[in-house]
Structure formats: C-alpha cells, structure tokens
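Some notes on the structure that comes next.
If you're wondering where the values come from, they're calculated on a predicted model, not measured in any experiment. Residue numbers start from 1 in every chain, and the chains themselves are labelled A, B, ... in the order their sequence lines are given, proteins ahead of strands.
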Amino acid sequence: MKPAVRLTRTFFTRPTLTVARELLGCVLVRQREGVRLAGRIVETEAYIGEEDEACHARAGRTRRTATMYGPAGHAYVYFTYGMHWMLNVITEEEGFPAAVLLRALEPLEGISVMQDLRGRKAVAQLCSGPAKLTQALAIARPENELDFCRKDSPLWIETGSHPNRIIATPRIGISSAGEPWLSKLWRFLLQESPFASR
DNA sequence: AGCACGATTAACT
DNA sequence: GTTAATCGTGCTC
C-alpha cells in the first residue's frame with residue numbers, strides 16, 4: 001500500500017463533480033486530543049453555485065454562506081434541523097460558491113472513541129450519514145472554515161485506496177428544490193458499501 | 001419581532 | 001412508513 005499523502009489545494013480547486021467523485025476512497029482524518037479518528041469516504045454530494053436550488057448559496061452571499069465563496073480546501077460546517085452539523089469541503093475558484101458534502105465514512109481508526117462520541121457500538125452505523133460522521137469525529141461550529149490544507153490543521157484528507165465501483169444518484173433531502181436540480185445525479189457512493197447512508 | 005423550514009436521525013407503529 | 005426533536009437562518013411584516 002502506498003504511503004498516504006495529504007490532499008492539497010490544487011486537488012480541491014477543480015470542478016466540484018470531479019472532486020466529489022475523486023474523494024471517494026480517500027481518508028478523512030480528525031486529530032483530536034492526540035488521537036487519530038479516521039474513515040474512508042464512501043459517499044459524497046456536490047452543491048454547485050447560486051443557480052443550484054439545493055445549494056445554500058442559492059440565497060447569495062450571506063453570513064452563513066460566506067465560507068462557500070472562499071478558497072477551496074476549507075471546511076464549511078453548518079447547523080441544521082436544530083441539532084445536526086454537516087461537513088463540506090469547499091471547491092472551485094475563490095468567489096464561486098461550491099462544496100462537497102461528506103455523507104458517509106467507513107470507520108478505520110479511533111473506532112472506540114467514535115463509539116463513545118456517538119453513544120452506539122455498531123461500526124456500520126457510526127458514520128453512515130452526514131450528521132453521524134460529524135458526531136463521530138467531534139466536528140461542529142468551531143471547525144467551520146478550518147483549512148484542510150494547512151500543516152497544523154486538526155482536520156485533513158489523505159489519499160486512500162482506489163474505489164472499485166462508483167454509482168451516481170440524485171441528492172438526498174432536497175425535495176424543495178425544483179428541476180433540473182432535484183434530478184441531477186450529484187450524489188456519489190461506492191456501490192454496495194455497507195457504510196453508506198440509507 | 002415573528003415565521004416557516006431545513007443537505008437528519010432515532011424511535012416509534 | 002411516520003414523526004418528534006430543536007434552533008439558526010433568511011425572509012416578511
């Protein structure tokens with residue numbers, strides 16, 4: 001197995017669909033209290049620009065969405081449903097609002113810590129959803145705008161194993177968006193991964 | 001100032 | 001399959 005390498009700014013400063021697909025198989029790493037919490041990315045979604053009615057940037061540049069307009073490779077972490085946090089990575093050139101939502105991980109390292117943070121044991125359900133993985137990796141508002149590409153960042157992404165088979169589906173939970181956005185095949189996952197969301 | 005709703009989850013029937 | 005939980009955000013008055 002090749003040594004893991006941190007993804008750099010140039011990886012993220014590309015078309016969002018490319019980044020969303022290529023992130024599959026890579027490893028999200030969270031350094032916390034001296035412990036590595038890590039998981040292989042098995043599911044992502046792309047949110048692209050102000051035209052995309054499912055994207056938060058549909059409302060333009062606001063206090064909340066400012067992060068999406070910033071440079072690629074930063075974290076966009078937001079709060080929703082009164083209780084959940086979601087983790088995205090910013091993509092494309094600065095000034096263009098786009099991001100990839102990380103929706104599910106295959107837990108690799110620090111599993112017992114993840115089980116404590118989640119309050120459950122079943123490994124297949126530790127990170128099998130966007131709010132589950134932020135809970136398992138202790139990611140919330142303080143992590144918003146973190147730069148994945150800085151050497152001293154407690155959050156980054158490494159190269160991983162090359163995925164076998166990738167499938168694309170419509171995005172989840174965006175039913176209020178109109179067409180064509182509702183039907184865009186902008187969700188990517190590893191086929192038959194037991195670690196993807198339901 | 002008030003309101004409707006959300007890139008979800010877990011626990012129900 | 002259905003639903004409560006729970007609050008920040010953006011929009012309207």
Side-chain angles (χ1 to χ4, degrees), chain A residues 12 15-21 23-24 28 39 41-70 72 74-92 96-107 114-146 148 155 157 167-190 193-198:
Chain A
F12 299 108
T16 307
L17 296 176
T18 305
V19 176
R21 269 189 297 259
L23 278 175
L24 294 176
L28 176 67
I41 298 168
V42 298
E43 181 180 340
T44 61
E45 277 179 2
Y47 290 87
I48 312 177
E50 296 176 350
E51 306 301 308
D52 177 2
E53 291 177 14
C55 181
H56 288 163
R58 65 184 177 276
R61 189 178 210 133
T62 64
R63 170 102 142 244
R64 179 206 212 185
T65 62
T67 316
M68 295 191 83
Y69 291 78
H74 287 245
Y76 168 45
V77 180
Y78 70 89
F79 184 67
T80 190
Y81 291 106
M83 64 192 84
H84 298 307
W85 296 94
M86 309 278 168
L87 172 65
N88 301 251
V89 194
I90 301 305
T91 57
E92 315 231 14
F96 184 85
V100 173
L101 172 67
L102 302 183
R103 287 190 57 90
L105 307 175
E106 172 186 343
M114 292 187 199
Q115 288 170 325
D116 287 347
L117 287 165
R118 289 268 297 125
R120 339 193 129 241
K121 301 285 181 203
V123 175
Q125 275 111 253
L126 281 184
C127 302
S128 61
K132 297 180 188 179
L133 77 87
T134 57
Q135 187 178 30
L137 271 55
I139 293 166
R141 187 184 295 287
E143 282 67 47
N144 189 34
E145 299 192 275
L146 268 184
F148 281 71
L155 193 61
I157 300 178
I167 59 175
T169 79
R171 293 171 290 179
I172 304 292
I174 59 160
S175 54
S176 64
E179 296 292 1
W181 314 108
L182 194 53
S183 299
K184 295 275 189 195
L185 304 180
W186 287 359
R187 171 177 178 243
F188 303 95
L189 64 154
L190 301 191
S193 173
F195 303 98
S197 69
R198 58 174 190 80

Quiz item: Is there a donor and acceptor pair, one atom on the side chain of A/Y81 and one on the base of C/dA5, closer than 3.5 Å?
Solution: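 Under the 3.5 Å cut-off, the side chain and the base do not form any donor-acceptor pair.
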Using a heavy-atom cut-off of 4.0 Å across all strands, would you classify [X] as base, sugar-phosphate, or nothing?
X: A/I174; value: sugar-phosphate
X: A/S176; value: sugar-phosphate
X: A/R171; value: nothing
X: A/R187; value: nothing

Nucleotide nearest [X] (side chain, heavy atoms from C-beta), chosen from [options]:
X: A/M83; options: C/dT6, B/dG6, B/dA7; value: C/dT6
X: A/K132; options: B/dA7, B/dA10, C/dG8; value: B/dA10
X: A/Y47; options: B/dA7, C/dG8, B/dT9; value: B/dA7
X: A/M68; options: B/dA7, B/dA10, B/dT8; value: B/dA7
X: A/R118; options: C/dG10, C/dG8, B/dA10; value: B/dA10
X: A/R141; options: C/dC7, B/dA10, C/dT9; value: C/dT9

Quiz item: What distance separates A/T16 OG1 from A/R21 CZ, expressed to the nearest 0.5 Å?
Solution: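 If we round to the nearest 0.5 Å, A/T16:OG1 and A/R21:CZ are 11.0 Å apart.
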Quiz item: So how far is it from A/D52 CG to A/I174 CD1, rounded to the nearest 0.5 Å?
Solution: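 One finds 7.0 Å between CG of A/D52 and CD1 of A/I174.
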Practice problem: By nearest nucleotide on DNA chain B, pick out whichever of A/S175 and A/G129 is the more 5' one. | Solution: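 Checking each residue's closest nucleotide, the 5'-ward one belongs to A/S175.
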Nearest-Å distance for atom pair [atom1]/[atom2], residues [X] and [N]:
X: A/Y78; N: C/dT6; atom1: OH; atom2: P; value: 20 Å
X: A/M86; N: B/dG6; atom1: CE; atom2: C1'; value: 9 Å
X: A/R198; N: B/dA11; atom1: CZ; atom2: P; value: 13 Å
X: A/E45; N: B/dT8; atom1: CD; atom2: C1'; value: 12 Å
X: A/L102; N: B/dT8; atom1: CG; atom2: P; value: 14 Å
X: A/R63; N: C/dC11; atom1: CZ; atom2: P; value: 15 Å
X: A/N88; N: B/dA7; atom1: CG; atom2: P; value: 11 Å
X: A/Y76; N: C/dG8; atom1: OH; atom2: C1'; value: 11 Å

Quiz item: For A/N88 and A/L102, what are the C-alpha separation, side-chain angles and deciding distance, and is it a side-chain contact (heavy atoms from CB on, under 4.5 Å)?
Solution: CA-CA 6 Å; A/N88 301 251; A/L102 302 183; over 6 Å; no
Quiz item: For A/E51, does the CD atom sit with more than 12 other heavy atoms under 6.0 Å from it, leaving out its own atoms?
Solution: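 At most 12 heavy atoms, drawn from other residues, nucleotides or ligands, come within 6.0 Å of this atom.
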Quiz item: Going by number, which of residues 51-60 of chain A have a non-hydrogen atom under 4.0 Å from DNA chain C?
Solution: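 The answer is A/A59.
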Practice problem: Examine distances only and state if a side-chain atom of A/E45 and a backbone atom of A/R103 form a donor-acceptor pair shorter than 3.5 Å. | Solution: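 No, the answer is negative, given that no donor and acceptor are paired below the 3.5 Å cut-off.
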Check whether any side-chain nitrogen or oxygen of [X] sits under 4.0 Å from OP1 or OP2 of [N], and answer yes or no.
X: A/R120; N: B/dA11; value: yes
X: A/T62; N: C/dG10; value: yes
X: A/R103; N: B/dT8; value: yes

Quiz item: Can you name the closest pair of heavy atoms from A/G60 and A/T65 and give their distance?
Solution: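 Heavy atoms only, the tightest pair is O-OG1, 2.8 Å.
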Quiz prompt | Dot-bracket line, read 5' to 3' along DNA chain B, where crossing pairs take [ ] and | marks a partner on another strand, Watson-Crick or G-U under 3.5 Å | solution = ||||||.|||||.
Self-check item: Whole-Å C1' distance, C/dT3 and B/dC5
Solution: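 One C1' to the other, the span is 16 Å.
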Under 3.5 Å, sequence neighbours excluded: what are the donor-acceptor pairs made by side chains of residues 137-145 of chain A?
{"residue": "A/E143", "atom": "OE1", "partner": "A/A140", "partner atom": "N", "Å": "2.8"}
{"residue": "A/E143", "atom": "OE2", "partner": "A/R30", "partner atom": "NH2", "Å": "3.3"}
{"residue": "A/N144", "atom": "OD1", "partner": "A/V77", "partner atom": "N", "Å": "2.9"}

Exercise. Please step through side-chain contact (heavy atoms from CB on, under 4.5 Å) for the pair A/L17 and A/K184, ending with a clear verdict.
Key: CA-CA 11 Å; A/L17 296 176; A/K184 295 275 189 195; over 6 Å; no
